[in-house]
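In the text below, chain A, chain B and the rest are named by the order of the sequence lines, each starting its count at 1.
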Amino acid sequence: MPETSPPVSMDFIRTIIAEDLKNNKNEGRVVTRFPPEPNGYLHIGHAKSICLNFGIALEHEGGTCHLRFDDTNPTKEETEYVESIMSDVRWLGFDWGEHLYYASDYFDQLYEYSVQLIKKDKAYVCDLNADEIREYRGTLTTPGKESPFRTRSVAENLDLFQRMRAGEFENGSRVLRAKIDMASPNLNMRDPVLYRILHMPHHRTGNKWCIYPMYDFTHCLSDSIEGITHSLCTLEFEDHRPLYDWVLDELDVDCHPQQIEFARLNLSYTVMSKRKLLELVAGGYVTGWDDPRMPTLSGLRRRGYTTEAIRDFCDRIGIAKRDSTVDLALLEYCIREDLNKRAPRVMAVLRPLRVVIDNYPEDRSEELDAVNNPEDSSMGTRKIPFSRVLYIEQDDFMEDPPKKFYRLAPGREVRLRYAYFIKCMDVVKDKETGQVIELHCTYDPDTRGGDAPDGRKVKATLHWVSADHAVEAEVRLYDHLFKTPDPDAGKEGMDFKTHLNPKSLEIISSAKLEPGLQGATPGSRYQFERLGYFCVDLKDSTKNRLVFNRTATLRDTWVKIAKSQG
RNA sequence: UGGGGGAUAGUAUAGUGGCAAUACGACGGGUUCUGGCCCCGUUAUCCAAGGUUCGAAUCCUUGUCCCCCAGCCA
């Protein structure tokens, strides 16, 4: 039976592109681009853009998506970022083929274009300093004033600009400006700066240049040079579109891409601005760009997220123009759904409570069969050892259980998963603290494997690990980095860092794992039954010292019940 | 008091003149050797007010609210 693909409702951008294709607007070509500035690490918001741009290219016969580094500001950009960005895009599963570009590769062409503009008397060298330019720009409600240098002759502009390039002038002493309209209601059109002097080596062009083009001049021309058909960007560039179009119109290039803006991604309990993420890294609030609590792709990867989950998430959130904040719960849903299907189940006890099975022989141990993944029988089964002394989760025992607590309690019988029914006979407490430190139970040999021949039922099934066979590991329990849904929302002057969740990381230094986990490979993912999804840390886990990161908890109905009971 | 955008359930996204749809969340129930997964049910008259129309989320009018713009950042 051939599967019919579900009706995909098109977002407004895909609708525009389909319309353009129908009208043969770009001779049937679809060329998009993902244009990051290499000044930081990619985050889940970039993934939205990457999935959009590469996704659209993939949906069309012959469609391509370019990866272009928008590297026009050497004061902020570094090769380290270039590399991380490339590996993140690749990790997401996208391929730019031979279409890897750098805006800095166009510096010569861009220079020629600006000379053209000067020759058309559409650009001039301005000697006003930054403060003066701001002053002359006017305000939102009042028009700007024309610069006294606006009327310089073409010849003088050409000479001055050439000397700017030659390095005759200091940083900030002169700029090249477009000659548009100082009274425009759109501030971007009030003679925007096209080039500034920056005596600073560039990560790719070295010391070749001491003048660097601005975004507005570079971006549209880079798009044009590459033959981009649809230039997709975020909402804040909407005001720049008239300038994007002005530059391309004045220069009469043969390719004039269409800029289309969409809303950037916001996620609850998360900050997304590069500035804020950098602040978290620089201030030591997290361990780095790839801290598993960070919304960066490297952080999510280390946390255990899969590319499939992230791409599914990007498909689900859609594309629109209104500002919105997606619920973090949706991202968590996506990773759970993916991992539910593929992660092998294992048993691990995070906070061990010792259980002695009094009627189980001292020196005996046996191997029991356990299913690796109930969602996928092809993943097979494994053996797990059982013996007289076990660990169960501290949370799975209560001396004085409230209503609806189905787990172990004095006199109560529960099932140990894939093993036996056990009954709690005695509770040993620390004399000083009163804390429960050990349980004495009996087991029913007839329930081997987990089923009672007499058909009696048990309300709970607990995970467990044999004490003698257990492997120890460090387990890092991650939670939301911020305790409020909108950490950005603070009043004026309020620091977003005050919303940091002090409990975003809890380290369990010696969890007990079933022995099969010995030597687990970094990056591999498991479901710890009844607890959540965990992955072996890519950086800190070693052969002798396993380190697991919690990717996500399982949905937990019991905590809800417990909470509602107070 | 300028310009550019945007308002559909708790959240996100469809619907663009004909029964407001889907997903997540929440709540209730079923099932269960994971209190997981899975299954079932509940959860909005579409920013407001007028108007056009047999019929409006959709078209018109007038408002209201929210976001972005005064970098030699992108």
Side-chain angles (χ1 to χ4, degrees), chain A residues 6-7 9-11 35-37 39 70-73 75-77 126 128-130 133-135 137-144 171-177 184-190 192-198 211-212 214-216 218-219 233-242 261 263 268 274-275 316-334 336-337 340-341 345 347 370-371 374-375 404-407 415-419 421 449-451 457-463 485 527-532 553-562:
Chain A
S9 81
M10 276 206 240
D11 56 69
E37 181 187 12
N39 69 343
D70 220 331
D71 55 352
T72 58
N73 184 355
T75 65
K76 292 184 175 175
E77 295 148 9
C126 182
L128 257 25
N129 65 36
I133 286 184
R134 189 180 316 120
E135 222 176 289
R137 188 155 32 222
T139 70
L140 293 177
T141 50
T142 60
N171 287 355
S173 59
R174 277 176 237 260
V175 292
L176 183 73
R177 290 228 253 171
S184 170
N186 180 347
L187 306 215
N188 294 123
M189 300 299 272
R190 320 243 262 227
V193 171
L194 266 22
Y195 266 90
R196 74 287 214 187
I197 299 171
L198 244 31
I211 57 171
Y212 292 92
M214 300 287 289
Y215 167 85
D216 285 305
T218 308
H219 204 91
C233 63
T234 43
L235 252 29
E236 68 270 25
F237 292 103
E238 216 150 13
D239 282 345
H240 295 243
R241 190 177 352 121
E261 310 85 11
S268 59
K274 273 189 201 170
R275 197 209 93 217
R316 286 168 182 270
I317 58 177
I319 301 292
K321 293 197 74 161
R322 89 181 82 144
D323 297 307
S324 60
T325 301
V326 174
D327 197 334
L328 224 209
L330 181 62
L331 218 209
E332 290 175 342
Y333 170 83
C334 291
R336 285 190 190 115
E337 185 187 53
N340 177 49
K341 286 178 298 198
R345 308 290 111 138
M347 292 202 281
V371 172
E375 305 292 320
K404 293 194 178 170
F405 182 88
Y406 301 149
R407 282 109 97 147
R415 172 168 39 232
L416 292 181
R417 178 141 234 225
Y418 301 125
F421 285 13
D451 287 304
K457 298 286 182 201
V458 98
K459 292 266 262 191
T461 300
L462 308 186
H463 61 277
Q527 183 195 100
F528 289 1
E529 292 220 33
R530 304 211 302 135
L531 296 174
T553 60
L554 253 26
R555 268 184 78 225
D556 191 341
T557 314
W558 166 242
V559 296
K560 283 181 199 166
I561 295 168

Secondary-structure string, 5' to 3', Watson-Crick or G-U under 3.5 Å, | for another-strand partners, for RNA chain B: .((((((..((((....[..))))((((((.......))))))...(((((..]....))))))))))).....
Sugar-phosphate only, base, or nothing, as touched by A/K404 at under 4.0 Å among non-hydrogen atoms: base
Touch class at under 4.0 angstrom, heavy-atom based, for A/Y418 against every strand present: base
Nearest to side-chain heavy atoms of A/A329, which nucleotide of B/A26, B/G25, B/A14: B/G25
C1' spacing across the pair B/A57 / B/U52, given as an integer number of angstrom: 16 Å
Sugar-phosphate, base or nothing in reach of A/A320, heavy atoms under 4.0 Å: sugar-phosphate
Sugar-phosphate only, base, or nothing, as touched by A/T141 at under 4.0 Å among non-hydrogen atoms: base
Side-chain donor or acceptor of A/T234 paired with backbone N/O of A/E236 under 3.5 Å: no
Per A/M214 side chain, nearest of listed nucleotides B/C72, B/U34, B/A23: B/C72
Span that lies between the P atom of B/U62 and that of B/G4, in whole angstrom: 16 Å
Could I get a table of every N or O pair under 3.5 Å where one atom is in the protein and the other is in nucleotides 37-40 of chain B?
from	atom 1	to	atom 2	distance (Å)
B/C37	OP1	A/R555	NH1	3.4
B/C37	OP2	A/R555	NH1	3.0
B/C37	O2'	A/N340	ND2	3.0
B/C37	O2'	A/E375	OE1	3.3
B/C37	O2'	A/E375	OE2	3.3

Sugar-phosphate, base or nothing in reach of A/H240, heavy atoms under 4.0 Å: base
Under-4.0 Å salt bridge between A/E261 and A/R241: yes
Pairwise P distance, B/C40 and B/G6 [rounded to whole Å]: 38 Å
B/G25 and B/G36, which share atom name P, separated by this distance in whole Å: 12 Å
Euclidean distance for P, B/G17 against B/A49 (whole angstrom): 23 Å
Sugar-phosphate only, base, or nothing, as touched by A/R134 at under 4.0 Å among non-hydrogen atoms: sugar-phosphate
P spacing across the pair B/C59 / B/A26, given as an integer number of angstrom: 35 Å
Inter-residue atom distance A/L554.CG - A/E529.CD, 0.5 Å rounding: 9.0 Å
Give me the distances for all protein-to-nucleotides 3-10 of chain B N/O pairs that come in under 3.5 Å?
from	atom 1	to	atom 2	distance (Å)
B/G3	N2	A/D239	OD1	3.4
B/G3	N2	A/D239	OD2	2.8
B/G4	O2'	A/D239	OD1	3.4
B/G5	O2'	A/E238	OE1	3.3
B/U8	OP2	A/R322	NH1	2.6
B/U8	O4	A/R322	NH2	3.2

Same-atom distance (P) from B/G63 to B/G3, integer angstrom: 14 Å
Syn-anti status, with the boundary at 90° from 0, for the nucleotide B/G50: anti
Euclidean distance, atom CG of residue A/L194 to atom C1' of B/A74 [Å, nearest integer]: 15 Å
pair A/D323-A/L235: side-chain heavy atoms closer than 4.5 Å: yes
Sugar-phosphate, base or nothing in reach of A/I133, heavy atoms under 4.0 Å: base
Sugar-phosphate only, base, or nothing, as touched by A/S324 at under 4.0 Å among non-hydrogen atoms: sugar-phosphate
Touch class at under 4.0 angstrom, heavy-atom based, for A/L140 against every strand present: base
Straight-line distance of A/N188 CG to A/R137 CZ, nearest 0.5 Å: 9.0 Å
Touch class at under 4.0 angstrom, heavy-atom based, for A/P36 against every strand present: nothing
Selection from B/G36, B/A26, B/G2 that lies nearest to any side-chain heavy atom of A/R345: B/G36
Atom-to-atom span, CD1 of A/I317 to P of B/A14 - whole angstrom: 11 Å
Sugar-phosphate, base or nothing in reach of A/L128, heavy atoms under 4.0 Å: base
Nearest-Å distance once atom P is located in both B/A56 and B/U22: 23 Å
Sugar-phosphate, base or nothing in reach of A/F237, heavy atoms under 4.0 Å: base
Touch class at under 4.0 angstrom, heavy-atom based, for A/Q527 against every strand present: base
Sugar-phosphate only, base, or nothing, as touched by A/T218 at under 4.0 Å among non-hydrogen atoms: nothing
Side chain A/R316 and base B/U13 donor-acceptor under 3.5 Å: no
Under 3.5 Å side-chain donor-acceptor pair for A/R415 and A/T461: yes
Stacking of A/Y215 on B/A74 base (centres under 5.5 Å, planes under 30°): no
